[in-house]
Amino acid sequence: MTIKTPKPIALRRPSLPKSLPQLPPSSQERLTPILYAGGMLAIGAVMLIAKPRLGHVPNPSRAGDLPRAARWRRAAQISRDNLHTFAPANVTDSIGRSLLLGGTALLLTRLLDEVTGHDGQ
């Protein structure tokens, strides 16, 4: 009586190829990033042009600009005035600029990808 043992895993023949062939992207996959970029550019431009009141940020410095008597209050006032330059005046402007930059980057990336061509060409 003979006992059959299974072949070790290393000696078995693989059933799938090691790498699958790369198929060229369909026309829909190629146009989708351009449509997204166009939408981002359009929404960003509308936000910058319209400047909706919803995004208006009130002035954070309400205490006035006259010099303070105490030294630490003067230092706090100077710090407040320096930090005020970084505070946004309209949040929609910041979002609109970000959308414009992101849309431009996406569009340029897609166009440069088309210029470089597909693998093997």
Side-chain angles (χ1 to χ4, degrees):
M1 177 179 217
T2 60
I3 299 174
K4 290 186 179 180
T5 59
K7 291 182 180 180
I9 293 175
L11 298 177
R12 288 186 190 165
R13 194 169 188 195
S15 60
L16 292 175
K18 290 185 179 182
S19 65
L20 297 174
Q22 290 289 335
L23 299 174
S26 67
S27 61
Q28 182 180 4
E29 290 174 343
R30 293 169 65 191
L31 290 178
T32 303
I34 294 174
L35 295 175
Y36 272 89
M40 290 171 69
L41 290 170
I43 293 171
V46 166
M47 287 181 134
L48 283 175
I49 293 170
K51 295 188 186 296
R53 182 150 171 76
L54 174 70
H56 179 70
V57 178
N59 188 3
S61 56
R62 300 237 180 221
D65 292 332
L66 295 177
R68 306 292 186 249
R71 244 181 139 154
W72 65 275
R73 287 185 181 250
R74 281 194 305 268
Q77 183 181 17
I78 291 170
S79 298
R80 177 201 68 188
D81 293 341
N82 288 333
L83 286 174
H84 179 69
T85 58
F86 296 106
N90 194 332
V91 176
T92 54
D93 283 351
S94 301
I95 294 171
R97 275 191 293 274
S98 296
L99 284 171
L100 285 175
L101 287 173
T104 303
L106 183 61
L107 184 62
L108 287 175
T109 303
R110 183 67 200 115
L111 291 175
L112 290 173
D113 185 52
E114 280 296 315
V115 169
T116 58
H118 301 292
D119 290 339
Q121 289 184 357

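- Counting only residues at least two apart or on different chains, no side chain to side chain donor-acceptor pair (under 3.5 Å) pair has a member in residues 97-109.
- Screening residues 37-51 for side chain to side chain donor-acceptor pair (under 3.5 Å) gives Lys51-Asp93 as the qualifying pairs, with residues at least two apart or on separate chains.
- Within a 6.0 Å sphere centred on CZ of Arg74, heavy atoms belonging to other residues, nucleotides or ligands number more than 12.
- Surrounding CG of Leu54 are at most 12 heavy atoms belonging to other residues, nucleotides or ligands under 6.0 Å away.
- In terms of hydrophobic clustering, with Ile, Leu, Val, Met, Phe, Trp and Tyr side chains grouped at heavy-atom distances under 4.5 Å, Leu99 and Val46 are assigned to different clusters.
- No side-chain heavy atom of Ile78 sits less than 4.5 Å from a side-chain heavy atom of Asp81.
- Of the inter-residue distances, the one linking Ile34 atom CD1 with Leu31 atom CG reads 5.5 Å to the nearest 0.5 angstrom.
- A heavy-atom distance below 4.5 Å is not found between the side chains of Arg110 and Leu106.
- In this structure, CD1 in Ile95 is found 12.0 Å from CG in Leu100, a value given to the nearest 0.5 Å.
- Taking both residues in full, the closest heavy atoms of Glu114 and Arg30 are given as OE1-NH2, 2.7 Å, listed atom of the first, atom of the second, then distance.
- The distance from the CG atom of Asp113 to the CG atom of Leu108 is 12.5 Å, given to the nearest 0.5 Å.
- Across all non-hydrogen atoms, the minimal contact from Gly103 to Met40 is N-CE, 3.5 Å.
- When all heavy atoms of Leu107 and Leu41 are compared, the pair lying nearest together is CD2-CD1, 4.3 Å.
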